[in-house]
2 protein chains.
Amino acid sequence: MAVDRKKLIIDAATKSFSLFGYKATTMDQVAKIANVGKGTIYTYYANKEDLFKEIIGKMIEEMENEALAAINPELSFSENLHLVLYQVLEFRREHQLMVKLFQEEQEMRTPAVIEMLQEVENAIIAFISWRLKIAITKGYIKECDPQLTAFIMLKMYISLIVDWERTHRPLDKEAIAALFELYLIKGLSL
Amino acid sequence: MAVDRKKLIIDAATKSFSLFGYKATTMDQVAKIANVGKGTIYTYYANKEDLFKEIIGKMIEEMENEALAAINPELSFSENLHLVLYQVLEFRREHQLMVKLFQEEQEMRTPAVIEMLQEVENAIIAFISWRLKIAITKGYIKECDPQLTAFIMLKMYISLIVDWERTHRPLDKEAIAALFELYLIKGLSL
DNA sequence: AATTTGACCAATTGAACAAAACGGTCAATT
DNA sequence: AATTGACCGTTTTGTTCAATTGGTCAAATT
């Protein structure tokens, strides 16, 4: 085997999507960066969106691995929850492709991008939901709908980090952990 | 005094903003509906945005009154919190002007509309924050930053009602109250 | 004299058209 | 059998220009 053209294509597309976003990435460009004829791309992927899906899929896998790696069995459930969610949002903030896609979602509303980001959100919720089920079984937390609870947790976390920072000074990692513990785990009642 | 031209203008503008949104409402149209020369509008308001601001201000007042009216002193703090937030979101859902503005915000991203909706959100948060301060003083709930807590409450509430409904079957009023109580007041810890 | 008005102005918008760029195909090439 | 890029129909982009817009102000009205 001389060169793995499929890998060349994925690498080229990942680079271009990260640099220019989905819409601004052309198949000609991907072919050129990959040093491959445009037709070759279509022997591996049915269309542009299909290529995009594969790359997002790999990114989700990567994110899940990082989230799993963040879990520390020696710490409490709520501390781990914080670590995982923080890891996820850091991933969102640091990975060029992710940053570019969020930008494109709210600036250009590219349908394919909106769809894929929903996919990413679903994957995150599924991951948290999975950990919640374990926590409930082991009796670490109350009975609750894991799906809905994971949804609320992610939304609250995003609110605390992304939305709050839009109009106020950012909260540091410890402050977020404390707030999350207060609001969701302990509750406001005395 | 023959006719209150200022009131004619406000009524006309409110009607037009509610029917067509901010961008699609022209000053000529407002003048025509109000049966007033266009120049007259500019004796009361410096520009279109100024007129818009006045109308949003009146709407916020109306919303605050309805929120206050929803409070029932015989019920617990958390029940009242639910009533107020539910009232606010019902207002958002039912008032034609509000509906139109949310539509315009996400479809056309009109800057003046985005700015005013931020103003509305601030007013809601200020209102909840005020009630929270009272609750803390009276010892109904734990010490916490009222501003930040109100922010989180509104965001969580919007998540439960608006965002959740986008991909799942809607939660009824009682379910939302129970979830709000579970997540924010009691907490997930055993 | 004070208030109200709509013709008027500069700036913005959007319809219409042409040109360029796009995703995807496939006959020719390796 | 695998790879390619010229080619095709469609979509997007750039450009023009007339119509519309927010805002002004001299004239008309009270």
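Chain A is the first sequence line, chain B the second, and so forth, proteins listed ahead of strands; every chain is numbered from 1. Values below: all heavy atoms of this structure, side chains included; hydrogens, waters and symmetry mates excluded.
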Note to self: Looking only at side-chain N and O atoms, does A:Gln118 offer a donor or acceptor that is under 3.5 Å from a partner on A:Asn122?
What the structure shows: yes
Check: So B:Phe52 and B:Tyr22, would you call those rings parallel, tilted or perpendicular, with 30° and 60° as cut-offs?
Finding: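 If you compare the ring of B:Phe52 with that of B:Tyr22, the planes turn out tilted.
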Notebook entry, point to check: Does B:Ala13 offer a backbone N or O that forms a donor-acceptor pair with the side chain of B:Ser16 under 3.5 Å?
Noted result: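 Such a contact is absent between B:Ser16 side chain and B:Ala13 backbone.
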Item checked: B:Ile41 CD1 to C:dT4 P, straight-line distance once rounded to whole Å ->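 Value for this atom pair: 13 Å.
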Note to self: Treating primed atoms plus P, OP1 and OP2 as sugar-phosphate and everything else as base, which nucleotides of nucleotides 25-30 of chain C get B, S or - for protein heavy atoms under 4.0 Å?
What the structure shows: BB----
Check: Tell me: CG of A:Leu51 to C1' of C:dG24, nearest whole Å?
Finding: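 Answer to the nearest Å: 13 Å.
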Notebook entry, point to check: For residues 7-36 of chain B, which residues have at least one heavy atom under 4.0 Å from DNA chain C?
Noted result: B:Lys23, B:Val36
Notebook entry, point to check: What is the ring orientation for B:Tyr86 with B:Tyr157, classed by angle as parallel under 30°, tilted 30 to 60°, or perpendicular over 60°?
Noted result: perpendicular
Check: Would you call the rings of B:Tyr140 and B:Phe77 parallel, tilted or perpendicular, where under 30° means parallel and over 60° means perpendicular?
Finding: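 Geometry flag for B:Phe77 against B:Tyr140: tilted rings.
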Next item on the list: Using whole Å, report how far CZ of B:Phe52 lies from P of D:dG22.
Entry: 13 Å
Check: Taking CG from A:Asp4 and P from D:dT3, how many angstroms apart are they, rounded to a whole number?
Finding: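 About 10 Å, once rounded to whole Å.
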Check: Can you say whether the rings of A:His168 and A:Trp164 are parallel (under 30°), tilted (30 to 60°) or perpendicular (over 60°)?
Finding: parallel
Item checked: By side chain to side chain contact (heavy atoms under 4.5 Å, CB included) - contacts of B:Glu66 (at least two apart) ->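 Expected list: B:Glu62, B:Gln87, B:Phe91, B:His95.
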Check: What's the NZ-C1' distance between B:Lys48 and C:dT13, to the nearest Å?
Finding: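 My rounded result for the distance is 12 Å.
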Item checked: Length of the CZ-P vector between B:Arg5 and D:dT29, whole Å ->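 Answer to the nearest Å: 14 Å.
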Note to self: For A:Lys142, is the NZ atom crowded, meaning more than 12 foreign heavy atoms sit under 6.0 Å from it?
What the structure shows: yes
